[in-house]
Each structure stands twice: as structure tokens, then as C-alpha cells.
Amino acid sequence: MGEAPADDLAVVLAIDGPHGPVIHAANRVARLAGAAEGGRIVDMRALRPDLQVHYADPGGEAALLERLVFWARRWCPWTAADGPRGLILDTTGSDHLFGGEAALLAEMEAQLSLLGFCARLALAPTRGAAWGLARHGRVRAICGAGALADSLAPLPVAALRLEAETLLLLHRLGLKRIGALAGLPRPSLSRRFVGARPEANPLIRLDQALGRLAEPLSCPGETPRLRSLARLSEPTVDPTHFLPALCRELCDRLDAAGQGCRRLRVTVFRTDGETSGVTVALAAPSRDAEHLRRLFDGKLERIDPGFGFDLIALEALAVEPLSPSQARLGGGADKTRAPAQRTDTLPALVQTGDTLSALAQTIDRLSARFGARAITRPVLQASNIPERAEAQVSALAAAPVHAARPDLDRPIRLMTAPEEIRALYALPDGPPAQFVWRRRKLQVLRHAGPERIAPEWWRDRSGARSRDYFKVEVETGQRFWIYREGLHADGRGGDPRWFLHGIFA
């Protein structure tokens with residue numbers, strides 16, 4: 001990075017315009033000299049011959065602003081970009097963590113200045129009011145809910161985030177201040193701007209700024225439900241020693257909320273304005289502080305500390321209801337928790353709940369060590385075709401909800417792919433009398449079936465054939481699940497083919 005220009009030097013950033021370079025941004029000295037965004041560079045040089053011009057990098061500015069959006073979550077969990085040069089933060093419930101609203105703005109200004117940014121800050125009950133006060137009010141403005149109208153009244157109508165054509169029309173009507181606009185009868189203005197977009201309708205923007213119309217904040221990325229913070233007196237590069245206390249604090253908050261964590265993230269806020277972190281997932285909701293801490297073993301090395309970080313956040317990105325489970329005959333809760341849907345009131349089922357909890361923790365640790373895709377579990381699928389009726393998903397994924405399937409007698413082991421066999425049968429649609437599988441000739445002693453499974457016409461090719469499944473027992477005592485694909489003269493191919501699909505215990 002080069003050296004910063006002198007404070008008394010006029011500096012502008014330029015981009016290519018239709019008739020030559022135009023001003024993209026200007027410092028304070030250049031603005032006082034008359035530089036305005038969109039103005040031509042040649043016109044500005046006539047006013048300030050000593051003007052310094054540098055070409056802007058809009059792509060780099062956008063990337064930097066995106067990184068600042070996530071860096072600003074050191075103050076609150078809801079942050080988003082507000083135009084090409086601004087940030088909007090929803091600090092509801094966060095200001096008391098910094099000693100109040102004034103202290104929060106002072107902290108923001110100090111941290112941004114350490115990164116080399118000059119910032120105009122405003123705190124107001126609505127997004128529109130904060131936008132206008134930050135750009136057209138004092139350098140650091142705080143507006144309470146009862147003072148919205150009085151604080152906005154002296155500001156220019158440009159503070160309502162209106163497009164240029166609407167601002168020009170309002171100026172021609174003599175409406176240069178928000179107070180003058182708010183004092184006019186609404187019916188006359190409503191008729192003039194009926195059907196206009198919010199950017200072109202001053203009444204909509206005025207109502208948003210005064211809190212009469214809701215304007216929710218849409219944030220990029222996942223927003224944590226609950227989190228705990230560790231503010232460091234000086235930058236460090238290793239978050240390991242701070243993790244146990246963060247886990248205990250987060251679990252206390254989860255306990256108070258009756259929730260358990262399903263996905264967890266550690267984020268460090270670096271002194272150079274970047275953020276870095278790692279995420280872990282859990283097979284079942286938990287608020288066991290030691291278990292959560294152990295999930296990060298071997299993962300914190302992936303965090304890039306840069307030149308150090310001064311803030312660590314432990315965030316619960318996904319939570320589920322979690323209630324205490326009975327662990328003693330006399331009643332009472334134990335440290336072991338069970339998911340709300342598995343809470344049991346009978347002492348005889350406590351051991352089962354403990355087993356499920358231990359299994360979930362084992363799955364979590366194995367997935368954290370080998371990766372989420374390495375540990376899988378079967379889930380039912382909406383299909384009658386046996387090989388499609390089950391799928392393997394990550395053991396950490398939430399179980400999908402399916403309608404209850406009929407309790408059919410199916411083999412415990414299904415072949416990865418049905419293996420073709422040679423069968424000898426007496427009747428065209430009857431069971432085989434014997435078959436050859438893996439070079440072994442097996443004589444059928446007993447059978448049950450057939451069970452017909454038709455092809456799924458919405459997924460299979462048009463010539464797919466139906467299957468007739470038989471349960472057979474051979475002379476060695478083994479029981480198999482075999483099927484005949486197709487029928488004689490069904491018009492969908494030649495002779496039927498036989499396959500072995502599963503083995504019963």
C-alpha cells in the first residue's frame with residue numbers, strides 16, 4: 001500500500017464515462033472544492049489545477065465491502081451491504097454489550113479507523129432514518145424512537161434515498177427539506193406518485209424512515225441463533241485456550257432457551273479486517289460443553305489468524321428444541337439431555353436414551369475427524385423398487401420425514417446390484433425348482449410368492465419389465481430373495497431373466 005495523501009490535497013477516483021473520465025469518489029478537500037460524483041475530470045481540473053486523479057477499482061471495492069459485511073458481525077449478527085459504500089447493521093439487543101449506544105458507535109469508529117477508513121455513523125430505530133442521518137446528518141448521530149420526526153425534519157429530501165428524477169421534481173415544487181415534505185397534505189402527493197417504485201415515491205420512503213412501513217434487513221450468509229464472544233485485550237493467533245469458556249457460555253444460553261445445537265461455528269475477527277473460521281455439525285441436538293469443545297480438536301489449525309485477531313465468536317448456526325431426560329427412579333433431571341421428541345418419562349427407557357446420546361456423540365466425533373461424508377446412515381425413500389427404497393446420507397443430516405412404510409418381510413442384506421442367476425422352472429409364471437448362483441447349483445425346497453413390483457413409469461424407460469419376487473429356501477437351509485424380470489410374451493423383450501437380490505438371515 002502506498003502512503004496516504006496529505007490532508008490538504010484534493011484527490012479523486014475516476015472511472016471511464018461516455019465523454020471521458022468522470023469522478024467516482026472524492027476526498028473531503030475535493031468535495032469542498034466542488035467535486036461531485038459523476039462530474040467530469042476536465043471540469044474539476046479547471047477549478048483545482050493541483051487535483052490528483054487515480055483510477056478506481058469498482059470490483060475491488062465491492063469485494064472489500066463484502067468482506068467488511070462479515071467483519072462487522074463482531075458487533076451484531078445481522079449485517080449487510082447498503083449500496084456501494086455503506087453498511088447496515090441491526091444492533092437491536094447488542095448495544096448494551098458495549099456500554100450503550102454512544103459507546104458502540106465510538107467502538108465502531110475506532111475499529112474502522114484502525115483499518116484506515118473514515119466513517120460517518122448513525123444509529124436510529126429505522127433503516128431509512130439511519131441512512132439519512134449517516135449521510136446528511138452529524139458525523140456521529142444517535143436518534144431515539146421519539147425524536148425521529150424532529151431529527152429528520154432539517155435534513156434534505158435526498159436523505160430519503162430517492163432517485164435523481166424524483167429529487168429534481170421535489171426541488172421544482174419547492175420541497176427541499178424532509179420537514180416541508182412531511183407537512184404537506186398526503187392526498188395531493190399520493191395522486192402524483194401513485195404506482196411509483198419506492199425509490200421514486202417520497203411518501204413510501206418517508207413512511208419507512210418514520211417507522212410507519214416495515215423494511216426488514218436481508219443478510220447474506222447464515223445468521224447465528226445464539227453466540228458467545230471473547231474480546232481479547234491484545235491480538236493472539238491461537239483460539240484453543242478460549243474455546244472451553246466459550247462453549248460453557250453458549251451451552252448456558254442454549255439451556256436457558258431450551259435448545260440444543262446442531263451446527264456450530266468458530267469465527268475469529270482479524271486485526272486486518274478479515275474473518276476466518278471453521279464449522280462443525282452434530283448428529284443430534286446437544287448442549288454438552290465438553291462434547292462441543294472436542295468436536296473442534298484438530299480443526300482449529302485450519303483457521304488463518306493472519307497477523308492476529310482480537311475477537312472470537314462461537315455461534316450456534318442451527319438449533320433444535322432440547323429438554324431434560326429423566327435419569328433417576330426418583331425423578332429429577334441429569335446432565336445428560338435428550339431431544340424433545342425422544343424425551344421419556346418411564347425409567348425403563350432411560351438406558352435406551354443414554355445409548356442414543358452416546359451413539360450421537362460417537363457419530364459427531366467420527367464425522368469431525370474423518371469428514372461429514374465419511375459417516376453415513378440409511379434413510380427411506382418414496383419408492384417401491386427395493387434398490388431405490390433406501391439412500392445413504394450423511395449421518396449429520398437431518399432425517400427427512402416420510403410416510404410410514406408397510407411392514408414387509410424384506411431381507412436384511414440386499415445386493416449392491418442384483419446378480420443374474422440361471423433358473424429351472426416348471427410353470428412359466430411359477431417359482432424356480434433350482435437355480436445356479438456363483439457356480440453353485442441350489443435346489444429349492446420351499447417358496448413363498450410371488451410379490452409383483454411394477455416399474456415406475458415416471459422414472460424408468462418405456463420398455464421396463466415388471467418383477468415377480470419369490471422367497472425361497474434351498475437344501476442347505478439358506479433363504480434367498482429372487483425375482484423374475486418380465487413374463488413370457490409380455491411384448492417387452494425375450495425370455496424372462498432371473499436375479500438374486502437379497503439374502504435373509
Side-chain angles (χ1 to χ4, degrees), residues 12-28 30-41 43-44 47 56 58 61-62 65 80-88 118-139 141 143 147-215 217:
V12 297
L13 298 178
I15 57 175
D16 292 329
H19 303 289
V22 297
I23 297 174
H24 175 68
N27 68 348
R28 183 174 181 274
R31 290 196 301 271
L32 292 176
E37 185 175 346
R40 296 197 306 166
I41 295 295
D43 297 337
M44 190 59 199
L47 298 176
E61 292 178 6
L65 184 64
D82 188 29
R85 301 189 191 116
L87 295 176
I88 182 75
C118 294
R120 297 178 61 89
L121 307 173
L123 197 151
T126 66
R127 177 178 179 176
W131 191 97
L133 290 170
R135 288 160 176 80
H136 300 276
R138 299 189 303 272
V139 175
C143 175
L148 269 176
D150 294 338
S151 299
L152 294 176
L155 299 183
V157 289
L160 292 178
R161 299 175 292 165
L162 297 169
E163 60 185 21
E165 294 182 0
T166 303
L167 291 176
L168 179 60
L169 176 60
L170 292 177
H171 285 178
R172 288 175 177 174
L173 296 175
L175 302 174
K176 298 182 179 180
R177 301 290 172 183
I178 295 178
L181 177 67
L184 286 180
R186 294 181 67 93
S188 58
L189 283 177
S190 298
R191 288 192 297 268
R192 180 178 292 271
F193 296 102
V194 63
R197 305 185 315 277
E199 298 82 1
N201 192 326
L203 293 180
I204 292 180
R205 287 305 197 193
L206 180 62
D207 289 342
Q208 288 176 340
L210 294 177
R212 298 168 184 164
L213 285 180
E215 190 176 8
L217 175 62

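In this structure, the separation between CD on Glu163 and CG on Asn201 is 10.0 Å, given to the nearest 0.5 Å. From Phe193, atom CZ reaches atom CG of Leu162 across 8.0 Å, with rounding to the nearest 0.5 Å. The distance from atom CG of Leu181 to atom CZ of Arg205, rounded to the nearest 0.5 Å, is 13.5 Å. Note: His136 NE2 to Arg120 CZ = 9.0 Å, rounded to the nearest 0.5 Å. Between atom NZ of residue Lys176 and atom NE2 of residue His171 there is a gap of 7.0 Å, rounded to the nearest 0.5 Å.
Ile178 and Leu152 make their closest contact through CB-O, 3.2 Å (heavy atoms, listed as atom of the first residue, atom of the second, distance). The two residues Trp131 and Ala159 come nearest to each other via the heavy atoms CE3-O, 3.5 Å. Annotation for Cys143 and Ser151: closest pair SG-OG, 3.4 Å, computed over non-hydrogen atoms. Scanning all heavy atoms of the two residues, the minimum distance from Gly83 to Leu65 falls at O-CD2, 3.3 Å.
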task = Given side-chain contact (heavy atoms from CB on, under 4.5 Å), test Arg192 with Leu173 step by step and report yes or no.
result = CA-CA 12 Å; Arg192 180 178 292 271; Leu173 296 175; 4.3 Å; yes

request  = With side-chain contact (heavy atoms from CB on, under 4.5 Å) as the test, would you mind laying out the steps for Ile204 and Gln208 before giving the verdict?
outcome  = CA-CA 6 Å; Ile204 292 180; Gln208 288 176 340; 4.0 Å; yes

query = What's the verdict on side-chain contact (heavy atoms from CB on, under 4.5 Å) for Arg186 and Leu203, showing C-alpha distance, side-chain angles and the deciding distance?
reply = CA-CA 8 Å; Arg186 294 181 67 93; Leu203 293 180; 3.9 Å; yes

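Other residues, nucleotides and ligands place no more than 12 heavy atoms under 6.0 Å from the CZ atom of Arg172.
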